[in-house]
A.B. asks: 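Here it is: the structure, laid out below.
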Amino acid sequence: MEFLRPRSVREALETFQKTPGALALAGGTDFMVGWNMGLLNGKTVVDLSRIAEWKGIEAGKTGVRIGSLVTHAELQRHPLIRREFPLLVEACALIGAIAIQNRGTIGGNIANASPAADTFPSLAVYEAVVHTASPQGRRAIPFLGIFAGPKKTHLRPGELIEAIEIPYARPRPSAAYFRKVGTRAAQALSKTVAAGLLWLSRGKTVAESRFALGSVAPTIRRARKAEDYLRGRKLTAETVGRAMDLVEAEIAPIDDVRSTAAYRFAVSKNLLKEFLECRPR
Amino acid sequence: MIKLNVNGKRRSFSGPLFKRLIDVLREDFRLTGTKEGCGEGECGACTVFLDGEPVNSCLIPVAHAEGRKVETIESLANAKKLGVMQEAFLKRGGAQCGICTPGMVMTAEYWRRVGGSPEPEAIRNVLAGNLCRCTGYQHIVDSVIEALGRRRKKARGQKA
Ligand SMILES: Cc1cc2nc3c(=O)[nH]c(=O)nc-3n(C[C@H](O)[C@H](O)[C@H](O)COP(=O)(O)OP(=O)(O)OC[C@H]3O[C@@H](n4cnc5c(N)ncnc54)[C@H](O)[C@@H]3O)c2cc1C
Ligand code: FES
Ligand code: FES
């Protein structure tokens, strides 16, 4: 194998231009599992971990820009992320266990595109934008637009994630919700994972709601139909029930080693209900 | 060739840079305290500190330790005396077959060093990535509480 270790973005992009089939390595928590199994033998590996430009968290006027190499542990510790994006902090705290959080990066989590990835529902409701760089140039891709299927993204060969930009939620939401359902909280992949943001207007009607579910379709899903239906309505047993039915039509869960489709349908509806009722868990 | 600091000593490594840190520690540096359970990041037996933070050494190419500080279970004791966490595991029966123990003790030691909470639930949470087939975990939690309790007593003693 060839192992290349660029020191800057420019060097990294040049490396990929020369070897388009190369594999990127960040924290290695997904990569090394495949590597140790011998699935990646003979490949050229490009180590991104020395690219200092991608390790920072920068606060802007309208949002924050998180370098792709920022780890789940660093996100949890960062005061601005804690204040503005509690749903991302909650997600990062439930990824694997502490040793995984110390190494796994947000860019790696996105590029890996697991349908069960825990940061995705939070990034979906905060409406993050993924910034990429490739020898051909730079792109800004809305978060939901990056996924092509389970473990598949629309990133082109040699295209790297450089940062994730998340706009501040303004006005501040009336309620924020995150829940991971798994066999246990830590070190278990999600059966279902959900995040929600809710803005209520004065008359207690829904000004806006955003709800996203992971592990219930080939890629992360926003519950658009339920969100549209709820806009301008009061939250009553009837409207919540109707929104739950609409969620059912928007997901496509499967039976797999962690759970069944029937369970995921039921739990998805109940998560939406819990979110809308803002019940403390 | 890369340079790194292992248990306070400057070391260099001139083999393949993609060799796993656990293999470099065990085979090249003869530090066999660190164990391999799964090789997939699931079990935590291979836990070491990288710049003071617990990591799975089975998931790290040695290149990522370049210029950094690695600490293994061997660093907790000297020839005469075990570390506080090790003593507590002995006293409270926190180890049986011993395969999980080096990783378990390292994660617990991290918790002690950062002043982590002695609540059983907090201890179970920080140890969630360290699996044990033998003890049923209760004796491990008791061991950690024992070690953290000593820290408290000591702090109180100093104040008095
Ligand atoms: C025991 C264990 C438990 C886990 N538990 C969870 C969990 O509960 N929830 C969860 O969501 N995940 C979990 N994971 C998965 C993993 O830890 C995360 O997805 C992590 O964020 C991956 O980041 P990384 O930096 O380690 O990526 P790497 O392993 O370095 O890379 C992952 C993939 O992304 C590509 N890549 C990495 N960075 C970039 C970039 N900047 N641009 C383009 N491509 C890139 C790589 O080529 C590779 O294909 C777990 C993994 C393990 C081993
Ligand atoms: S051997 Fe590294 S986590 Fe199991
Ligand atoms: S003591 Fe045997 S695995 Fe923990």
Side-chain angles (χ1 to χ4, degrees), chain A residues 1-7 22-52 55 69 71-74 76-77 93-105 108 112 180 182-189, chain B residues 2 15-23 34 36-68 100 102-104 106-111 113-114 116 121-132 137:
Chain A
M1 76 172 287
E2 214 184 341
F3 184 41
L4 305 167
R5 307 184 66 211
R7 280 187 175 277
L23 300 174
L25 170 72
T29 58
D30 280 310
F31 188 100
M32 294 300 286
V33 175
W35 178 263
N36 291 350
M37 288 177 182
L39 303 178
L40 309 170
N41 287 355
K43 298 276 187 186
T44 297
V45 179
V46 180
D47 182 9
L48 307 180
S49 73
R50 300 212 280 191
I51 304 178
K55 293 187 183 179
L69 294 174
T71 65
H72 302 302
E74 286 162 352
Q76 285 173 67
R77 281 196 290 261
L94 290 176
I95 291 188
I98 185 169
I100 296 288
Q101 292 162 21
N102 278 333
R103 298 283 302 162
T105 63
N112 196 50
K180 169 172 176 168
T183 38
R184 58 189 187 124
Q187 200 84 328
L189 287 181
Chain B
I2 58 164
L17 290 184
F18 214 73
K19 192 165 179 176
R20 301 182 311 167
L21 179 59
I22 186 170
D23 297 330
T34 303
E36 176 163 7
C38 64
E40 298 180 11
E42 297 281 349
C43 77
C46 64
T47 306
V48 301
F49 296 164
L50 190 60
D51 288 339
E53 307 269 352
V55 296
N56 303 113
S57 62
C58 72
L59 296 184
I60 299 183
V62 66
H64 281 186
E66 181 173 15
R68 302 176 70 175
C100 74
M104 200 65 87
M106 288 304 279
T107 307
E109 172 68 10
Y110 164 78
W111 198 234
R113 289 187 189 179
V114 297
E121 203 176 317
I123 294 171
R124 283 178 188 271
N125 185 53
V126 74
L127 293 178
N130 291 84
L131 305 185
C132 175
Y137 299 100

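Since the model is a prediction, treat every value here as computed from it, not as a measurement.
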A.B. asks: When rounded to the nearest 0.5 angstrom, what distance separates CZ in B:F18 from CE in A:M32?
C.D. replies: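 CE of A:M32 is found 4.5 Å from CZ of B:F18.
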
A.B. asks: Less than 4.5 Å to any heavy atom of chain A: does that hold for the side chain of B:E66, its backbone, both, or neither?
C.D. replies: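 For B:E66, the contact with chain A is made by the side chain alone.
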
A.B. asks: Check for a donor-acceptor pair, side chain of A:N102 on one end and backbone N or O of B:E53 on the other, with a separation under 3.5 Å.
C.D. replies: no

A.B. asks: Heavy-atom distance under 4.5 Å to chain A: side chain of B:P61, backbone, both or neither?
C.D. replies: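 For B:P61, heavy atoms of backbone and side chain both lie under 4.5 Å from chain A.
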
A.B. asks: Is the shortest side-chain heavy-atom distance between B:N125 and A:I98 below 4.5 Å?
C.D. replies: no

A.B. asks: CD1/B:I60 to CZ/A:R103 distance, rounded to the nearest 0.5 angstrom?
C.D. replies: 4.0 Å

A.B. asks: For B:H64 versus A:S49, what's the shortest heavy-atom pair and its separation?
C.D. replies: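 Looks like NE2-OG, 3.1 Å.
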
A.B. asks: Could you tell me which non-hydrogen atom of A:A97 sits nearest to which non-hydrogen atom of B:A128, and how far apart they are?
C.D. replies: CB-C, 4.1 Å

A.B. asks: Could you tell me whether the side chain of B:L59 reaches within less than 4.5 Å of the side chain of A:I100, counting heavy atoms only?
C.D. replies: yes

A.B. asks: Counting only heavy atoms not in A:K43, do more than 12 sit closer than 6.0 Å to its NZ atom?
C.D. replies: no

A.B. asks: Based on non-hydrogen pairs under 4.5 Å, which of B:L50, B:T47, B:V55 is most in contact with chain A?
C.D. replies: B:V55

